[in-house]
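Heavy-atom basis, side chains included; hydrogens, waters and symmetry copies ignored. Being a predicted model, the structure only gives us computed values, none of them experimental.
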Amino acid sequence: QVQLVESGGSSVQAGGSLSLSCTASRDSITDNRYCLAWFRQAPGKEREGVAAIGQNGYLTYADSVKGRFTISRDNAKATLNLQMNSLKPEDSGTYYCAADSGCRGAVFAERSWAYWGQGTHVVVTT
């Protein structure tokens with residue numbers, strides 16, 4: 001069982017930046033056999049994929065965040081990070097990190113991910 005814990009959520013003005021981190025109870029962050037991802041869920045909406053790192057390090061981003069968000073794996077600190085720049089009000093929501101060792105299925109399909117954190121809240125104000 002892998003336990004994931006997100007941190008870094010806060011309230012920020014539109015145009016600002018925020019950095020989220022995710023730690024794990026096992027070596028899933030530093031073990032390249034695990035795929036890692038960030039999802040988010042806005043109030044009243046379904047959870048959606050934001051960014052992901054594949055087993056080979058391949059990065060995938062949702063169109064809505066391309067050029068503004070950067071996902072990275074810090075092996076020294078054993079954290080999964082999400083750097084969010086040029087934030088917009090529509091980026092508000094609860095952000096979740098996810099991990100999976102099988103790395104099968106559509107990258108932004110929830111069923112593709114076995115382990116989830118509890119989420120951290122991001123509010124972008126105008």
Side-chain angles (χ1 to χ4, degrees):
Q1 189 74 12
V2 176
Q3 292 181 326
L4 303 171
V5 179
E6 304 92 340
S7 63
S10 181
S11 179
V12 62
Q13 283 192 326
S17 298
L18 206 58
S19 181
L20 305 182
S21 292
C22 174
T23 59
S25 59
R26 288 172 51 182
D27 294 335
S28 56
I29 299 291
T30 57
D31 188 340
N32 288 336
R33 290 175 296 177
Y34 281 84
C35 296
L36 304 167
W38 285 98
F39 282 72
R40 68 185 180 189
Q41 186 169 22
K45 294 188 177 181
E46 293 185 353
R47 188 153 53 182
E48 62 176 359
V50 174
I53 298 177
Q55 288 175 316
N56 57 2
Y58 187 79
L59 306 181
T60 305
Y61 292 96
D63 288 342
S64 59
V65 306
K66 281 181 181 177
R68 300 188 299 120
F69 289 13
T70 302
I71 187 172
S72 63
R73 187 200 311 246
D74 188 331
N75 287 337
K77 297 181 179 180
T79 59
L80 173 69
N81 302 312
L82 184 68
Q83 177 65 39
M84 305 186 293
N85 298 326
S86 301
L87 283 162
K88 305 174 182 180
E90 51 263 43
D91 293 319
S92 297
T94 302
Y95 281 71
Y96 301 89
C97 66
D100 193 271
S101 60
C103 303
R104 287 181 286 270
V107 64
F108 286 149
E110 289 188 58
R111 64 183 179 275
S112 297
W113 302 88
Y115 306 108
W116 294 85
Q118 293 300 306
T120 186
H121 301 292
V122 173
V123 177
V124 183
T125 61
T126 56

Practice task
Flag yes if L36 and L20 sit in one hydrophobic cluster, no otherwise; membership is Ile, Leu, Val, Met, Phe, Trp, Tyr, and two members link when side-chain heavy atoms are under 4.5 Å apart.
Solution key: yes

Handout entry: pair S21-N81: side-chain heavy atoms closer than 4.5 Å
Key = yes

Handout entry: Side-chain donor or acceptor of E6 paired with backbone N/O of Q118 under 3.5 Å
Key = yes

Problem - Sub-4.5 Å side-chain heavy-atom contact between L18 and F69 - result: no

Practice task
Return yes if some donor-acceptor pair links the side-chain N/O of Q55 with the main-chain N/O of R33 below 3.5 Å, else return no.
Solution key: yes

Handout entry: Salt-bridge present (K88, D91; N to O < 4.0 Å)
Key = no

Problem - CZ on R40 to CZ on R47, rounded to 0.5 Å - result: 13.5 Å

Practice task
May I have the step-by-step check of side-chain contact (heavy atoms from CB on, under 4.5 Å) for S7 and T120, ending in yes or no?
Solution key: CA-CA 6 Å; S7 63; T120 186; 5.6 Å; no

Exercise for the section: Using a 4.5 Å cut-off on heavy atoms from C-beta on, say whether the side chain of Y96 contacts that of L4. Expected result: no

Practice task
With the side chain counted from C-beta on, respond yes when V50 and F108 share a heavy-atom pair under 4.5 Å apart, and no when they do not.
Solution key: no

Exercise for the section: Treat each ILVMFWY residue as a node, draw an edge where side-chain heavy atoms are under 4.5 Å apart, and state whether W116 and I71 are in one component. Expected result: no

Handout entry: Min side-chain heavy-atom separation D100-S112 under 4.5 Å
Key = no

Exercise for the section: Could you grab the distance from atom CG of D74 to atom OG1 of T79, nearest 0.5 Å is fine? Expected result: 4.5 Å

Practice task
Determine whether V12 and M84 make a side-chain contact, defined as any pair of heavy atoms from C-beta on separated by less than 4.5 Å.
Solution key: no

Problem - Non-hydrogen side-chain atoms of W113 and V107 separated by less than 4.5 Å - result: yes

Practice task
Return yes if some donor-acceptor pair links the side-chain N/O of S19 with the main-chain N/O of Q83 below 3.5 Å, else return no.
Solution key: no

Handout entry: Side chains of I29 and T23 in contact at under 4.5 Å (non-hydrogen atoms)
Key = no

Practice task
Might you confirm whether atom CD of E90 has over 12 heavy atoms from other residues, nucleotides or ligands at distances under 6.0 Å?
Solution key: yes

Practice task
Examine distances only and state if a side-chain atom of N85 and a backbone atom of S17 form a donor-acceptor pair shorter than 3.5 Å.
Solution key: no

